[in-house]
A.B. asks: 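My structure is below; once you've seen it, I'll send some questions.
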Amino acid sequence: MHPPQFATFHDAYRTVLRQVHTHPHFTTESRGNRSRECLNVAFTLTGPRQRTPYLAARRTNIVFNYAETLWYLSGRDDLVMIGHYAPRLRALSADGERLTGSAYGPRLFTPLSSTEAGQWDQVVDLLRHDPDSKRAVMTVMRPGEPAEFDNPDVACTLALQFLLRDGHLHMVSTMRGNDAVVGLVCDVFAFTFIHEFTAIQLGAELGGYTHQVSSMHINEADLARVDASLAEGQPPGVTDAFPAATMPADTSWRTIEHVLRWEEGLRTNRRRFRPGQDAIGGNAALAPYWRQVVLLFEVYRQVVHQPDQLIEAAVVAALTPAHRWLVAHRWPERFPGSPATAVLAEQP
Ligand code: 5HM
């Protein structure tokens with residue numbers, strides 16, 4: 001009756017990839033993509049803070065994961081912010097400026113009208129009044145979207161639901177379709193982050209996260225990458241080596257705004273973030289958890305705006321081991337001390 005449970009997304013991800021790769025139910029061809037597909041795939045993460053797979057072949061872009069999540073929380077739909085971290089998303093925009101289906105922020109967080117709060121505010125308010133409610137649902141895909149034949153970007157998520165039970169906030173995401181290689185990693189990261197943020201706002205413990213997808217698929221163009229990911233030896237004890245960081249209990253919308261100000265300053269190269277910096281931006285100091293996020297935006301500032309240089313050793317040293325591992329595998333040619341940078345490092 002229950003979906004399989006996993007302590008880490010790393011384990012769930014490998015299981016989904018293996019299943020869809022090896023035992024697909026169908027081969028499909030839609031909008032130019034040939035895919036292997038399994039119907040009705042679901043899993044539960046008992047530890048939703050373990051939201052990143054540590055697979056060298058996957059080359060997870062952890063900076064993009066944080067940027068996309070903050071972009072959702074900011075309620076934005078423009079490419080100015082998100083296109084900086086994922087230029088490929090520009091191809092999904094019909095007008096070259098905004099995203100429609102992929103921009104979940106306005107659908108979740110923007111007020112519905114001048115008199116109605118946004119969906120997230122409504123469900124949080126509902127759970128404060130009726131904790132056992134079964135109505136705390138935010139819908140994402142809209143009626144009418146199936147008729148938009150020419151729209152390259154129709155929402156893949158149907159709904160996000162919260163269930164508050166015995167003091168724990170559980171979350172269920174329901175998607176019409178999910179790309180098991182690319183989209184799954186980004187979506188689970190963002191949704192579990194929103195899950196943890198919401199639990200804090202409700203003063204609840206973090207419960208389980210369930211991800212359920214009608215069409216879980218692998219595009220044939222990605223099969224080589226999947227082969228490589230599955231061939232990687234499972235890094236022993238990922239959970240021990242890279243313990244999940246816990247979002248601070250005092251995290252609020254002000255914290256998110258503060259981090260977003262840093263994000264903008266670093267994206268536009270108007271600011272730099274020095275690891276030893278404590279009280280940043282003239283504000284109270286950010287907690288170490290959030291300083292890590294800002295530090296990752298500083299890494300990306302250097303990757304983009306200092307293209308001939310290695311990422312500064314002091315910045316790399318200030319990252320958690322998990323973030324350092326992810327950065328090293330995403331930008332090996334910029335990572336100090338990696339085999340790929342030995343030549344660059346020798347240059348004056
Ligand atoms: O033809 P269709 O609209 O389904 O193509 C979009 C594809 O993007 C989805 O099938 C899915 O593979 C991927 N996708 C995803 O995995 C898209 C979004 C954007 O909503 C997402 N996850 N969040």
Side-chain angles (χ1 to χ4, degrees), residues 9 12-13 16-17 19-21 24-43 51-53 58 60-61 64-73 75-79 81-83 85-94 98-109 119 138-160 171-195 209 211-223 225-226 229:
F9 178 54
Y13 182 62
V16 169
L17 285 184
Q19 182 73 24
V20 180
H21 182 282
H25 300 155
F26 300 101
T27 302
T28 61
E29 178 121 34
S30 171
R31 299 180 50 249
N33 281 320
R34 266 181 76 79
S35 310
R36 294 185 185 183
E37 177 188 69
C38 285
L39 298 190
N40 306 321
V41 170
F43 56 83
R51 53 176 70 99
T52 307
R58 173 61 181 75
T60 297
N61 185 341
F64 171 75
N65 290 148
Y66 280 113
E68 184 178 52
T69 307
L70 289 164
W71 184 66
Y72 289 158
L73 288 165
R76 293 171 70 148
D77 63 358
D78 62 306
L79 279 166
M81 176 177 171
I82 203 61
Y85 299 96
R88 68 182 161 80
L89 287 178
R90 295 181 195 282
L92 285 182
S93 170
R98 293 178 192 288
L99 289 170
T100 52
S102 297
Y104 296 160
R107 300 183 190 216
L108 298 175
F109 299 106
Q119 295 200 79
M138 304 182 284
T139 56
V140 181
M141 191 176 175
R142 291 175 173 146
E145 283 194 274
E148 299 175 11
F149 296 120
D150 298 330
N151 185 350
D153 186 26
V154 165
C156 292
T157 303
L158 303 180
L160 306 176
M171 181 173 182
V172 182
S173 301
T174 308
M175 301 187 69
R176 64 174 176 85
N178 208 187
D179 174 330
V181 183
V182 183
L184 175 60
V185 173
C186 307
D187 295 328
V188 166
F189 187 95
F191 298 161
T192 56
F193 200 93
I194 291 169
H195 181 187
Y209 170 83
H211 194 77
Q212 48 191 36
V213 179
S214 308
S215 160
M216 185 71 87
H217 49 266
I218 296 176
N219 292 331
E220 289 196 346
D222 290 325
L223 282 175
R225 192 149 52 130
V226 175
S229 292

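Values below: all heavy atoms of this structure, side chains included; hydrogens, waters and symmetry mates excluded. Atoms within each ligand, like the ligands themselves, are counted from 1 in listed order.
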A.B. asks: Please report which non-hydrogen protein atom sits nearest to atom 20 (O) of ligand 1, along with the residue it belongs to and the distance in Å to one decimal place.
C.D. replies: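 Ranked first by proximity to atom 20 (O) of ligand 1 is Tyr104 OH, 2.6 Å.
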
A.B. asks: Distance-only, no hydrogens or angles: does the Arg176 side chain make a donor-acceptor pair with backbone N or O of Ala155 under 3.5 Å?
C.D. replies: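 Here the side-chain-to-backbone pair exists.
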
A.B. asks: Students should be able to answer this: which protein heavy-atom is nearest to atom 5 (O) of ligand 1, and at what distance?
C.D. replies: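 Heavy-atom neighbour on the protein nearest atom 5 (O) of ligand 1: Arg31 NH1, 3.0 Å.
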
A.B. asks: Heavy atoms, side chains only, cut-off 4.5 Å: are Ile82 and Arg76 in contact?
C.D. replies: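 Result no, sub-4.5 Å side-chain heavy-atom pair not found.
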
A.B. asks: For the pair Asp77 (side chain) and Arg98 (backbone), establish whether a donor and an acceptor sit closer than 3.5 Å, ignoring hydrogens and angles.
C.D. replies: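 The answer is no, because no donor-acceptor pair under 3.5 Å joins these two groups.
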
A.B. asks: List every atom of ligand 1 that sits less than 4.0 Å from any heavy atom of Ser102, numbering the atoms from 1 in the order shown and giving each element.
C.D. replies: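 In order of number, 19 (C).
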
A.B. asks: Polar-atom distance check: Arg176 versus ligand 1, any N or O pair below 3.5 Å?
C.D. replies: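 Arg176 vs ligand 1: N/O contact under 3.5 Å present.
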
A.B. asks: For atom 22 (N) of ligand 1, what is the nearest protein heavy atom, given as residue, atom name and distance?
C.D. replies: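 Of the protein heavy atoms, Asp187 OD2, 2.8 Å lies nearest.
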
A.B. asks: How about Thr192 and His211: do any of their side-chain heavy atoms sit closer than 4.5 Å?
C.D. replies: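 They are not in side-chain contact.
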
A.B. asks: Provide, to 0.1 Å, the distance between atom 12 (O) of ligand 1 and the closest protein heavy atom, together with that atom's residue and name.
C.D. replies: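 Scanning the protein heavy atoms, the shortest distance from atom 12 (O) of ligand 1 goes to His217 NE2, 2.5 Å.
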
A.B. asks: Any N or O on Asn178 sitting closer than 3.5 Å to an N or O of ligand 1?
C.D. replies: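 Yes.
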
A.B. asks: May I ask you to check whether Phe189 and Tyr66 place their ring centers less than 6.0 Å from one another?
C.D. replies: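 Ring-ring flag for Phe189/Tyr66: true, centres closer than 6.0 Å.
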
A.B. asks: When you measure from atom 17 (C) of ligand 1 to every protein heavy atom, which one gives the shortest distance, and what is it?
C.D. replies: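 Nearest neighbour among protein heavy atoms for atom 17 (C) of ligand 1, to 0.1 Å: Cys156 SG, 2.8 Å.
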
A.B. asks: Is there a side-chain contact between Glu37 and Thr27 in this structure, where contact means two heavy atoms from C-beta onward sitting under 4.5 Å apart?
C.D. replies: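 With C-beta onward as the side chain, the pair stays apart.
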
A.B. asks: Any nitrogen or oxygen of Asp179, main chain or side chain, under 3.5 Å from a nitrogen or oxygen of ligand 1?
C.D. replies: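 Looking only at distances, the answer is yes, because the N/O contact criterion of under 3.5 Å is met.
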
A.B. asks: Side chains of Tyr13 and Arg58: is there a donor and an acceptor less than 3.5 Å apart?
C.D. replies: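 Yes, because at least one side-chain N or O of Tyr13 sits under 3.5 Å from a partner of the opposite role on Arg58.
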
